[in-house]
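Labels below follow one simple rule: chain letters A, B, ... track the order of the sequence lines, proteins then strands, and each chain is numbered from 1.
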Amino acid sequence: MSNSLSNATSKHIDNSPVLYLDGVSVSFDGFKALNNLSLTIEKGEMRAIIGPNGAGKTTMMDVITGKTRPDEGIITFNTSANKGSQSTTDYDLTQYDEADVANLGVGRKFQKPSVIESLTIFENLEMSLKGGRSIWQSLFHKLSPEQKLKLDEILVLIDMAEKADDLAGNLSHGQKQWLEIGMLLGQEPELLLIDEPAAGMTDEETMKTAELFKTLAKTHSLMVVEHDMDFIDALNCKVTVLNEGSVLAEGTLQEVKANEDVIEKYLGR
Amino acid sequence: MKQTNTSSSNMKLGPLTTLLMNDKGGRRLLAVLAALAILVPLLNLFVPESSIFHVSTYTMTLLGKYLCYALLAVSVDLIWGYCGILSLGHGAFFALGGYAMGMYLMMQIGDRGVYGNPDLPDFMVFLNWQELPWYWLGFDNFSFAMVMVLLAPGILAFVFGALAFRSRVTGVYLSIITQALTYALMLAFFRNDMGFGGNNGLTDFKDILGFDLQADTTRAGLFFCSALALMIGYLISRFIVTSKLGRVLIAIRDSETRARFLGYRVEYFKLFVFVVSAMLAGVAGALYVPQVGIINPGEFAPLLSIEMIIWVAVGGRGTLFGAVIGAILVNYAKTYFTGAFAEIWLFMLGGLFVLTTLYLPKGIIGLWQQMADKLAAKKMSKLQVGDLAEGEKA
C-alpha cells in the first residue's frame with residue numbers, strides 16, 4: 001500500500017518514465033529485428049504490446065533485459081535506488097547483463113513457462129525472493145520471518161498455498177504461468193516484462209490472469225506482450241503495435257484496431 | 001513421515017539432523033562407512049589370519065582404493081548431478097591431488113633411493129639434474145603438501161572454470177574441452193623435463209609421516225582416513241546441495257537462462273561448485289596414491305575420466321550416495337572381470353553405460369526406489385482391501 005503512495009508522490013516530483021527506448025536497432029545476419037525502435041513506459045503504467053510474428057517483440061524484451069546487446073540506441077531504466085526514496089537514478093541498461101538487470105528491478109516472464117521443474121513450488125518462489133544473490137548468502141541462507149510472510153502472501157495471491165510442497169513440474173500449463181508470475185513478484189521488480197501470459201490458458205484462467213495484472217498494475221509498471229485480443233481488451237490499457245522492428249501505432253485498443261496501417265499489416269482485412 | 005525410527009539417533013548428532021533429514025540413503029551410507037572404518041582395520045590387525053573373519057591387507061587396500069574412487073564419484077556427481085556440468089576431465093584433478101601427495105612421498109625417500117642422493121629423487125639424478133626444481137620446494141613438508149593437494153586442483157579448476165563459464169561454454173562443448181584439458185596434462189606429464197618423473201611417474205615410496213607404507217598398521221590408518229574423507233566429503237556435498245545454493249545449482253541445471261533472469265550470476269555459482277568438486281577429487285587422489293604406491297601420467301587418461309561418469313550414471317545421478325554405490329560396484333566388477341576375462345572388460349563397461357542410459361536413467365538408486373514404491377503401493381492396496389473388509393463386517 002505504502003508503495004503505491006510513494007510511487008504516486010514521486011510521480012509529481014520526478015516525471016521521468018520508468019523505461020525509455022530511443023532509436024534502438026538490432027540486426028541478426030543482416031536481418032533487422034529491431035529498426036529504430038522508440039518507446040516510453042511511464043511509472044505505474046500498464047502497456048500491452050501486440051504485433052505479427054517476427055515484429056521484434058521478443059527481441060525487444062531481450063535487449064531490455066541484457067540478453068542481447070543492441071547495435072545502436074538508448075535504453076534507460078529509471079528507478080528509485082531504495083524503496084520509498086524519492087530520488088531516482090537512470091540506468092543505461094545496454095551496459096548490464098541479465099543478472100544485473102534483474103537485480104536492478106526488471107522482472108521478466110518468458111513465453112514458455114520456465115519454472116524449475118525439479119524444485120517444489122515453495123522452493124521456486126524462495127529462490128526468486130529479492131536479495132541474497134551471492135555465493136555465501138545462498139550457501140548459508142535462512143528464511144527470515146518477513147520473507148516467510150512475503151512467500152505466504154504470494155502463495156495466496158497465486159492460489160497455491162495448499163500445494164506449496166508439490167513439484168513445479170507436476171503443475172498444469174496455466175498453473176506454471178501463475179507460479180512464474182509469483183516468482184516475478186518475489187523479485188519485487190519495479191518493471192515487469194511479461195511475454196504471452198495467456199498462451200495455453202483456458203478462457204477462465206485468462207480472465208483471472210487479467211484481473212491479477214490489474215491488481216499488479218497498482219504497484220508496478222507492466223509491459224505485456226500478448227496475441228489474445230480478449231485478454232488485452234480485459235486489461236483496458238494503452239496498446240502499442242509493433243511491426244518489422246518499430247512502432248506502427250499506439251493508443252487504446254479501439255484506436256489501434258481502427259488504424260489503417262494496423263488493419264493492413266496485422267489484423268488483416 | 002519416516003523420521004520416527006531415526007529421529008533419536010539424529011537428535012544426538014545435532015547439526016547433522018538438518019543435513020540428513022530427507023536422506024535415508026545417506027544416513028545408511030554413513031552408518032556403513034563408519035562401521036567399515038572401524039571394523040575393517042580391527043579385523044585386519046587383531047584377528048589372526050587363520051580366522052575366517054580376518055580381512056587381508058590386500059582386501060583392505062583394495063577397499064580403501066574403492067573408497068577413494070567413491071569420493072571421486074561424489075565430486076563428479078556434485079557438478080554433474082546437481083549443476084549439469086558434465087566434466088569428462090575430472091581425472092585431471094584427481095591426478096593432481098595424487099601428484100601432490102606423490103611428491104611428498106618422494107621427498108620422504110631421502111637417501112634410501114637407488115642412487116642414494118639425499119636431496120634429489122631418483123629420476124632427477126637419472127636425468128643429471130643438479131638441484132630440485134622450484135616447484136618441488138616445500139614438498140618435504142607434510143602440511144605444505146596437503147595444502148597443495150587442495151590448491152593444485154583448486155587453482156586449475158578456478159582458472160579453467162573462470163574462462164569456460166565466463167564465455168558461457170556449456171553442454172557438449174564444455175565436456176570436450178575438459179577432455180582436452182586432461183589429455184593435454186597427460187601429454188605434459190609424460191615429458192621427462194616437466195620434472196614429475198615422466199612416463200614412470202612417482203613410485204618406490206617408503207614411508208608417510210615416518211610410518212612404513214608396507215606395514216599393516218599404516219595401511220589400516222590409510223583405510224580409516226579414506227573412509228573418513230569420504231564421509232566428510234559426502235557431508236560437505238550434502239551441505240551444499242541442501243542449501244539454497246544447491247537449489248540455485250539445480251535451477252542452473254534445469255534452465256540456465258531462467259537462473260540468470262532471476263538475478264543469479266550463473267558463472268560464479270558454477271565456478272564455486274566446480275572448484276569445490278576439484279578439491280574433493282584432489283583429496284581422493286591424494287589418499288589413493290599411498291595405497292596403490294604409484295602415480296603416473298596414466299591417471300590423466302581421458303578413458304578414466306569417462307569411467308567416472310559411468311560410475312555415477314550406474315549408481316544414480318544427483319543423489320550423492322548413488323555415486324558412492326556406483327563407484328564401488330563398477331570397480332568391484334572391474335577388479336573381478338579384469339582378473340577373470342580381461343579382454344572383454346571394456347566391452348562390458350561400454351555395454352553397462354548403454355544399458356544404464358536406456359533402461360536405468362536414474363541408475364541403481366532409481367531402480368531401488370521404483371521397487372520400493374511398488375511395494376508400498378501393494379501394501380497400500382492391501383490395507384485398503386483390509387479396511388473394506390472390516391467395513392463390511394461392521
Query raised in the report: Donor-acceptor pair, A/Arg133 side chain versus B/Leu262 backbone, under 3.5 Å?
Result: yes
Query - Backbone N/O of B/Thr257 and side chain of A/Lys67: donor-acceptor pair under 3.5 Å - result: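 No; zero donor-acceptor contacts below 3.5 Å.
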**Report entry** Nearest non-hydrogen partners of A/Ala102 and B/Phe261, listed with the distance
**Finding:**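 So the two residues come closest at CB-O, 3.2 Å.
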Nearest 0.5 Å, please: how far is [atom2] in [Y] from [atom1] in [X]?
X        : Y        : atom1 : atom2 : result
A/Ser118 : B/Asp254 : OG    : CG    : 3.5 Å
A/Ser134 : B/Phe269 : OG    : CZ    : 7.0 Å
B/Arg265 : A/Asp100 : CZ    : CG    : 4.5 Å
B/Phe272 : A/Ser138 : CZ    : OG    : 9.0 Å
A/Asn103 : B/Tyr264 : CG    : OH    : 9.0 Å

Requested in this report: Considering only heavy atoms and a distance below 4.5 Å, find which of A/Glu180, A/Gln137, A/Glu98 pairs most often with chain B.
Outcome: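 Most heavy-atom pairs under 4.5 Å with chain B: A/Glu98.
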Query raised in the report: Counting heavy-atom pairs under 4.5 Å to chain B, which of A/Val115, A/Thr65, A/Leu184 comes out on top?
Result: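 Most heavy-atom pairs within the cutoff with chain B belong to A/Thr65.
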Determine whether more than 12 heavy atoms belonging to other residues, nucleotides or ligands lie under 6.0 Å from atom [atom1] of [X].
X        : atom1 : answer
B/Phe158 : CZ    : no
B/Tyr359 : OH    : no
B/Tyr173 : OH    : no
B/Phe165 : CZ    : yes

**Report entry** Single hit among A/Leu119, A/Ile116, A/Asn124, A/Thr120 for side-chain contact (heavy atoms from CB on, under 4.5 Å) with B/Arg247
**Finding:** A/Leu119
Query raised in the report: Hey, mind stepping through A/Asp97 and B/Arg260 against salt bridge (Lys or Arg N to Asp or Glu O under 4.0 Å) and telling me if it holds?
Result: CA-CA 9 Å; A/Asp97 70 359; B/Arg260 275 213 176 88; 6.0 Å; no
Query raised in the report: Between A/Glu117 and B/Arg258, is a salt bridge (Lys or Arg N to Asp or Glu O under 4.0 Å) present by the stated rule, with each step listed?
Result: CA-CA 11 Å; A/Glu117 308 228 330; B/Arg258 188 71 184 102; over 6 Å; no
